[in-house]
Amino acid sequence: MSIILSVSNPDGTTRSFELTEHDTFLLGRMEDCHLCLPDDPQVSRHHFLLEACPPQAALRDLGSMNGTQVNEKKIGGRKKGETPEQGAKRAYPDIDLKHGDKIQVGQTRIEVRIQNDSAAGSRVAAALSEGDLSGLSPEAMRRLIFGQPGEAAFQLENYAIERELGRGGCGAVYLARTAKGGTPVAVKIMLSRAQADAKSIEQFKREMSVIAKLRHPNIVRFLDSGSDEGTFFFVMDYCDGGSLADAARRQQGGTLTWETLRPWALQALEGLAAAHKEGFVHRDIKPQNILIHQNIARVSDFGLAKNFQKAGLSGMSITGQYAGTPVFMPPEQIVNFKYVKPLSDVWSFAATLYNLLTGKFPYRFDPKRDPIDIILNENPVPICERLPGLDKNLAVVIDRSLLRNPKDRVADAGKLLAAL
């Protein structure tokens, strides 16, 4: 499966871009764009973002001056006299792209070609396309995963499900017990939002089998895994203290003091630093993915989000009706979606600390402005503006780790650990 973008330039030359896995494509005048058009006055700094999850693709105009033409229909575009910031405050729809669609921006034309050799989607993929998982009750979620009583659906052998612990965009986490011994474990069940070919699924399983061998006291262990059509399960150590997000919610004001957070932060960085040393990047660091067991912090879900997306199973995660705002995602992860390095985990970890200490996100998000536009064009708010009493040395480390240019940040989790 692939998405091919055939570009026709004003001078008559052509070029093409092929997106064979979950990826992003940014068009605009800025140097960080995949298709950079600096000489066309009708093109904005960051004009549109295209997200590909073959065979799906979606386009999102980012508050451009002149809008984006899709099959001669204008998408987005600012009103006369509006600044880019003012124009971006008006919400623009995400447009699902189909084979043969024609996009025009200024003098540049792009034809979309979709090659799709995959089999039909799974039972749950059809259900997920109709709604958001957050709106389902625990009982309805359980029926979606395991089917109705007596129905030939997904079966989880060797584990007895007790109750739901949490919910994500692609599934849920359950407290369960092993059939032999009754040991408590956490079972994460991930549901494919999209169809994927057998090759991609096998690649996902292989990469997860490599990550499953990662062992460290501050990394949650993978104990078992399996799949059935579009349903995948991962059995992990059960962490009885919940996540750092849970710990913050239990406090008045919904934040943690540095005195409380510090030991957990250092422990989690020990685990993340060990993974970086082995060449692994987490890609999805956030308060919900740092868990507490017997008062010790452990990094969870290592590689799950990255490899699930790479296999094309997660559906759209940046654009699309059910995609969340990537509040813990650094700018380069939007632009260079596939090539994330430890520097990006550093940004996400610092954003996690920022959120737990202040109760806010590093960016000053405006509900009337596209969050992608803010992430691509604005700088984070210095943490002392949110929390004036914070130790100045700590503030310097966090702010430096959130710098827009990756080269200016603390280099990896080991160096961030030493700095803290």
Side-chain angles (χ1 to χ4, degrees), residues 133-134 136-139 141-146 154-191 204-205 208-228 231-251 256 260-261 263-272 274-275 280 282-308 349 352 356:
L133 293 180
S134 64
L136 296 178
S137 67
E139 294 75 18
M141 184 69 180
R142 197 160 175 163
R143 286 196 300 272
L144 174 64
I145 294 172
F146 300 106
F154 174 68
Q155 300 293 318
L156 188 63
E157 299 179 356
N158 303 321
Y159 304 97
I161 298 294
E162 292 193 353
R163 60 184 173 87
E164 185 178 311
L165 295 173
R167 185 84 58 87
C170 289
V173 183
Y174 291 92
L175 172 63
R177 293 189 181 274
T178 58
K180 294 181 179 180
T183 303
V185 292
V187 177
K188 181 155 193 170
I189 297 179
M190 301 182 75
L191 307 173
F204 169 61
K205 291 179 179 179
M208 287 310 303
S209 69
V210 172
I211 292 175
K213 298 175 183 177
L214 192 58
R215 291 288 185 263
H216 190 275
N218 300 114
I219 295 177
V220 175
R221 292 184 304 164
F222 285 104
L223 304 173
D224 191 9
S225 64
S227 65
D228 179 15
T231 303
F232 301 80
F233 75 89
F234 299 88
V235 182
M236 299 170 280
D237 287 326
Y238 171 60
C239 295
D240 55 10
S243 69
L244 289 187
D246 298 327
R249 278 194 294 268
R250 289 193 289 264
Q251 301 301 312
L256 299 174
T260 299
L261 178 57
W264 291 332
L266 299 182
Q267 291 159 4
L269 277 173
E270 290 274 7
L272 189 58
F280 295 108
H282 189 288
R283 199 186 175 103
D284 194 27
I285 294 289
K286 55 188 177 183
Q288 293 85 349
N289 279 342
I290 301 177
L291 306 182
I292 307 299
H293 183 63
Q294 297 178 355
N295 210 33
I296 301 295
R298 299 181 180 183
V299 181
S300 182
D301 283 13
F302 229 103
L304 267 180
K306 171 187 174 183
N307 290 318
F308 205 66
F349 198 97
T352 293
L356 292 167

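The first residue in the sequence is number 1, and the count goes up from there. What you are looking at is a predicted structure, and each value in this text was computed from that prediction instead of being measured.
When side chains are defined from C-beta on, His293 counts as touching Asp240, because their heavy atoms get closer than 4.5 Å. Contact check for Leu244 versus Leu261: side-chain heavy atoms found under the 4.5 Å cut-off. Put simply, the side chain of Pro287 reaches to within 4.5 Å of the side chain of Thr352, judged on heavy atoms. With contacts defined as side-chain heavy-atom distances shorter than 4.5 Å, the pair Lys188/Met236 qualifies. Counting heavy atoms from C-beta outward, Trp264 and Asn218 have side chains that stay 4.5 Å or more apart. Side-chain atoms of Thr260 and Gln251, non-hydrogen and from C-beta on, never get closer than 4.5 Å to each other. Two residues are said to be in side-chain contact when any heavy atoms from C-beta on lie closer than 4.5 Å; Ile189 and Phe146 meet this criterion. A 4.5 Å side-chain heavy-atom check between Asn307 and Arg283 finds every atom pair outside the cut-off.
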Stepwise side chain to side chain contact (heavy atoms under 4.5 Å, CB included) test for Asp224 and Tyr159: CA-CA 11 Å; Asp224 191 9; Tyr159 304 97; 2.8 Å; yes
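Atom CZ in Phe302 sits 5.0 Å away from atom CG in Leu272 (nearest 0.5 Å). From Ser137, atom OG reaches atom CD of Glu164 across 9.0 Å, with rounding to the nearest 0.5 Å. Rounding to the nearest 0.5 Å places CG of Asp284 at 12.5 Å from CZ of Phe308. In this structure, CD in Glu139 is found 13.5 Å from CG in Leu144, a value given to the nearest 0.5 Å. Rounded to the nearest 0.5 Å, atoms CD1 (Ile296) and CD (Gln294) are 8.0 Å apart. From Ile211, atom CD1 reaches atom CG of Leu304 across 7.5 Å, with rounding to the nearest 0.5 Å.
Between the side chain of Thr183 and the backbone N or O of Thr178, no donor-acceptor pair lies under 3.5 Å. Remark: the backbone N or O of Met141 is not paired with any side-chain donor or acceptor of Arg167 at under 3.5 angstrom.
Summarising the geometry of Arg298 relative to Asp237, their closest heavy-atom pair is NH1-OD2, 3.5 Å, with the distance given to 0.1 Å. When all heavy atoms of Phe222 and Arg215 are compared, the pair lying nearest together is O-NH2, 3.5 Å. Residues Phe234 and Ser225 come closest through the heavy atom pair CD2-CB, 3.7 Å. In terms of heavy-atom proximity, Ile292 sits nearest to Cys239 at O-CB, 3.3 Å. Residue Gly241 comes nearest to Arg250 through the heavy atom pair O-NH2, 3.4 Å, listed as atom of the first residue, atom of the second, then distance. The minimum heavy-atom distance linking Arg163 with Leu165 is given by the pair NH1-CD2, 3.4 Å.
Checked against the 6.0 Å centroid criterion, the rings of Phe204 and Phe232 qualify as a close aromatic pair.
Between Arg177 and Glu162 there is a salt bridge, since a side-chain N of the basic residue sits under 4.0 Å from a carboxylate O of the acidic one.
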